[in-house]
**Student:** 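Take a look at the following structure, please.
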Amino acid sequence: MIVGVDLGGTKIATGLLDAGGRMLARSQKATAGLKSSEEVIQAIVDTITEVSGEHEIAGVGLASPGAVDTRRGIIRNGVNLPGWNGISLQAELEKRLQVPAKLINDANAAAWGEYVYGAGRGAQSMVYVTLSTGIGSGLVLDGKLYLGTSSFAGELGHTVVDPNGALCGCGQRGCWETYASGTAIARQASEAAAAAAEGMTQMTVLAEAEGVPLSAKHVFQAAAMNDKLAQETLEQVIHYTGLGLMNIIHSFNPDCIVIGGGVSRAGAAFFEPLRGKTGELVMEPYRGTYAIKPAELKDDVGIIGAAALFVE
Ligand code: ADP
Ligand code: ZN
């Protein structure tokens, strides 16, 4: 049995998995009330003890957002937890639980999970991309999770597709995620709506009917209803998303690209034009060498991917 822990921004989600990747038990705790790193570590240990029961545990994998130094077993930054930076969480877990532990960035965990148990099964080289609030990614190259010198490899959301583009949270301009994340789709749609003479489009009508801000989901819905502005916005989004995939294909020559995150929920309306555009953009020798697939693992991808670190 293996344990996977997903240390998210708001909760600790922990699962007990068998060697086939089936989840046998699950436990969850909110992080909101936790006031120190000691309390967070204790909460993690409690969820692990809870799911483990009487089972013998081969290892505990833990996924966390932000900069995770897998080789040194520490979370460098990026988690909204008090007094967290630099603590050797791996050593703490191993000491308290007396089992091997591994730490990993959440996008890398998702990549490994999709490779071992999901849409990337059987691939030689697979790149995982999550199109969510931002863009995360992870690389499995020649069958191995590629971490890089400081285990920070795979921040493909911050590769630049337009040096004169929109300002990104990272300080650069025109990062891929400022064009192709869910947040970016909504922003570009709002800009297009504001610039339109009428100002009002099917997208804004849908958002107002729900009483929520315009989101990527509304853009896809409006495009399906033949809203011209939504269709033009998506055309631009697909172009930039394809540019990012082109960069990935030219850099890593993967046979499989797996796309997850909220935007992937748009389904065929997203994947079909994206496959077409990417095929137009890549250089000739790369055509037909790769598949672009929707992710298969859903909400528990972090737990499953972290646990899969202990699968050979
Ligand atoms: P998080 O970033 O919190 O992990 P998600 O992976 O769910 O969250 O991504 C959220 C983004 O996905 C939002 O921008 C949202 O508008 C978008 N999204 C959610 N559902 C859909 C959908 N059916 N079609 C297109 N975009 C969607
Ligand atoms: Zn950036």
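The residues of the chain are indexed from 1 along the displayed sequence. In each ligand, atom 1 is the first atom listed, and ligand 1 is the first ligand listed.
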**Student:** Side chains of D46 and Q42: is there a donor and an acceptor less than 3.5 Å apart?
**Tutor:**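 The criterion, which ignores hydrogens and geometry beyond distance, is satisfied for Q42 and D46.
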**Student:** What is the nearest protein non-hydrogen atom to atom 15 (C) of ligand 1, stated with its residue, atom name and distance?
**Tutor:**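 Among all protein heavy atoms, the one nearest atom 15 (C) of ligand 1 is A216 CB, 4.4 Å.
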**Student:** Are any of the side-chain nitrogens in E38 or R96 under 4.0 Å away from the carboxylate oxygens of its partner?
**Tutor:**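 A salt bridge is present here (some side-chain N lies under 4.0 Å from a carboxylate O).
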**Student:** Please state which protein non-hydrogen atom is closest to atom 1 (P) of ligand 1 and give its distance, to 0.1 Å?
**Tutor:**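 Here the closest protein heavy atom is T133 OG1, 3.5 Å.
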**Student:** Distance under 4.0 Å to a non-hydrogen atom of G261: what atoms of ligand 1 satisfy this?
**Tutor:**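 Within the 4.0 Å cut-off of G261, ligand 1 contributes 6 (O).
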**Student:** Within a distance under 4.0 Å of any heavy atom of S215, pick out the atoms of ligand 1 and give their elements.
**Tutor:**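 Close to S215: 16 (O).
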**Student:** Within ligand 1, which atoms have a heavy atom of G182 less than 4.0 Å away?
**Tutor:**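 Result: 14 (O).
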**Student:** Measure up the H250 and Y286 rings against each other and bin them: parallel (under 30°), tilted (30 to 60°), perpendicular (over 60°).
**Tutor:**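 The rings of H250 and Y286 sit tilted, inter-plane angle from 30° to 60°.
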**Student:** Using only heavy-atom distances, determine whether the side chains of H218 and Q202 contain a donor-acceptor pair under 3.5 Å.
**Tutor:**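 Short answer, no.
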**Student:** Using a distance-only test with no angle check, is there a side-chain donor-acceptor pair under 3.5 angstrom linking T47 and T14?
**Tutor:**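 Short answer, yes.
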**Student:** Can you tell which part of T183 has a heavy atom less than 4.0 Å from ligand 1: side chain, backbone, both or neither?
**Tutor:**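 Within the 4.0 Å criterion, T183 contacts ligand 1 through backbone atoms alone.
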**Student:** If the Zn ion (ligand 2) is the vertex, what is the angle to SG of C170 and ND1 of H158, rounded to 10 degrees?
**Tutor:**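 Centred on the Zn ion (ligand 2), the SG/ND1 angle is 110° (to 10°).
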**Student:** Between the side chains of E50 and S27, does any donor sit under 3.5 Å from an acceptor?
**Tutor:**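 Short answer, yes.
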**Student:** How wide is the angle at the Zn ion (ligand 2) between SG in C175 and SG in C168, to the nearest 10°?
**Tutor:**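 Computed angle, vertex at the Zn ion (ligand 2), rounded to 10 degrees: 110°.
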**Student:** Give the C-alpha distance, both sets of side-chain angles, the deciding distance and a yes or no for salt bridge (charged side-chain N to carboxylate O under 4.0 Å, His left out) between E114 and K293.
**Tutor:** CA-CA 11 Å; E114 287 290 343; K293 299 181 178 176; over 6 Å; no
**Student:** What residue and atom, counting heavy atoms only, is the protein's closest point to atom 5 (P) of ligand 1, and at what distance?
**Tutor:**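 Result: G262 N, 3.6 Å.
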**Student:** Can you report which non-hydrogen protein atom sits closest to atom 25 (C) of ligand 1, along with the distance?
**Tutor:**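 Ranking protein heavy atoms by distance from atom 25 (C) of ligand 1, first comes F220 CD1, 3.5 Å.
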**Student:** Mind checking whether R265 has an N or O less than 3.5 Å away from an N or O of ligand 1?
**Tutor:**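 Min N/O separation from ligand 1 is below 3.5 Å for R265.
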**Student:** What protein heavy atom lies closest to atom 11 (C) of ligand 1? Include the residue and the distance to one decimal.
**Tutor:**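 Ranking protein heavy atoms by distance from atom 11 (C) of ligand 1, first comes S132 C, 4.0 Å.
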